[in-house]
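Structure record follows, encoded as structure tokens.
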Amino acid sequence: MPTPSMEDYLERIYQLIESKGYARVSDIAETLEVHPSSVTKMVQKLDKQEYLVYEKYRGLILTAKGKKIGKRLVYRHELLENFMRIIGVEHEHIYTDVEGIEHHLSWDAIDRIGDIVQYFEEDPKRVENLREVQSKNEQEKLED
Ligand SMILES: [Mn+2]
């Protein structure tokens, strides 16, 4: 299993390749806000563990294994953002909250959260009901 930091890289590399068709060390460094030398080190590690193939002057490509996990990691991030939105977390907290928890949940928990997201998406009334509970709680807080 990749470490949390490896997961961040694989997630970002998969996204870059999806959107631009390639992932350069400089792009990875910029979007992850790390030094390019850290990217090179990590990319070499990911190469050694067969998530990708890295050639200094040619760039990198994900292996089948790297693609598969990259896709799952991007899915996990997006699912958790959806989940946060549905349960009413304020927009400005969502990204950092997801970054904070995504590496620490089991895939079992991710699948169960997927069920919840589906439950709410299948019937907008359910989201409305949740909002009613939330505004009641908000009201009680104000009265305390
Ligand atoms: Mn993420």
Side-chain angles (χ1 to χ4, degrees), residues 1-138 140-141:
M1 283 308 281
T3 63
S5 164
M6 288 162 78
E7 287 189 342
D8 275 332
Y9 277 84
L10 285 168
E11 186 184 339
R12 198 50 53 100
I13 291 166
Y14 186 86
Q15 270 175 330
L16 282 168
I17 293 174
E18 281 285 285
S19 61
K20 304 173 70 160
Y22 54 85
R24 286 184 308 210
V25 167
S26 57
D27 295 325
I28 302 166
E30 203 181 302
T31 57
L32 284 178
E33 295 177 14
V34 294
H35 198 268
S37 66
S38 312
V39 177
T40 308
K41 240 187 251 164
M42 179 57 89
V43 159
Q44 283 162 349
K45 194 168 159 187
L46 291 168
D47 182 309
K48 210 172 267 167
Q49 297 193 26
E50 294 174 342
Y51 291 106
L52 53 81
V53 179
Y54 175 58
E55 283 174 47
K56 203 168 175 196
Y57 298 102
R58 285 208 195 155
L60 58 89
I61 50 160
L62 289 171
T63 61
K65 174 180 158 183
K67 261 184 223 165
K68 191 175 162 201
I69 195 116
K71 192 175 178 175
R72 283 176 89 196
L73 297 173
V74 171
Y75 161 79
R76 182 178 70 184
H77 184 107
E78 286 169 359
L79 173 74
L80 291 172
E81 283 203 6
N82 275 343
F83 174 65
M84 293 286 174
R85 202 161 26 78
I86 288 166
I87 64 171
V89 175
E90 279 180 53
H91 183 78
E92 75 245 49
H93 298 145
I94 289 183
Y95 183 78
T96 9
D97 280 348
V98 170
E99 285 302 305
I101 63 169
E102 60 184 348
H103 308 294
H104 308 289
L105 297 171
S106 64
W107 287 99
D108 177 32
I110 295 297
D111 287 344
R112 301 296 67 82
I113 290 171
D115 296 341
I116 292 259
V117 168
Q118 187 186 341
Y119 173 80
F120 282 106
E121 281 175 351
E122 275 175 1
D123 183 356
K125 261 244 158 308
R126 291 167 180 164
V127 179
E128 279 169 43
N129 289 343
L130 177 61
R131 293 293 175 269
E132 277 164 31
V133 172
Q134 289 174 325
S135 60
K136 217 166 60 192
N137 288 341
E138 218 31 61
E140 277 170 18
K141 220 161 72 185

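What you see below is based on every heavy atom in this structure, not just the backbone, and it leaves out hydrogens, waters and symmetry mates. Whatever order the structure lists ligands and atoms in, that order sets their numbers, starting from 1. Sequence positions, counted from 1, serve as the residue numbers for this chain.
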Practice problem: For the Mn ion (ligand 1), find the closest N/O/S atom belonging to E11 and write down its atom name. | Solution: OE2
Practice problem: Could you check which N/O/S atom of E99 is closest to the Mn ion (ligand 1)? | Solution: OE2
Quiz item: Is there a donor-acceptor pair closer than 3.5 Å between any side-chain N or O of Q134 and the backbone N or O of I87?
Solution: yes
Quiz item: Got a sec: is D8 within less than 2.8 Å of the Mn ion (ligand 1) via an N/O/S atom?
Solution: no
Quiz item: N/O/S of E7 less than 2.8 Å from the Mn ion (ligand 1)?
Solution: no
Quiz prompt | Single hit among E7, E81, E11 for salt bridge (charged side-chain N to carboxylate O under 4.0 Å, His left out) with R76 | solution = E7
Quiz prompt | Atom of E102 nearest the Mn ion (ligand 1) (restricted to N/O/S, atom name only) | solution = OE2
Quiz item: By atom name, which N, O or S atom of H77 is the nearest to the Mn ion (ligand 1)?
Solution: ND1
Quiz item: What are the two closest heavy atoms between L46 and I13, and how far apart are they?
Solution: CD1-CD1, 4.3 Å
Quiz prompt | Candidate list D8, L16, T40, test side chain to side chain contact (heavy atoms under 4.5 Å, CB included), partner I28, passing option | solution = L16
Quiz item: Would you say the side-chain atoms of K65 pair up with the backbone N or O of Q49, donor to acceptor, closer than 3.5 Å?
Solution: yes
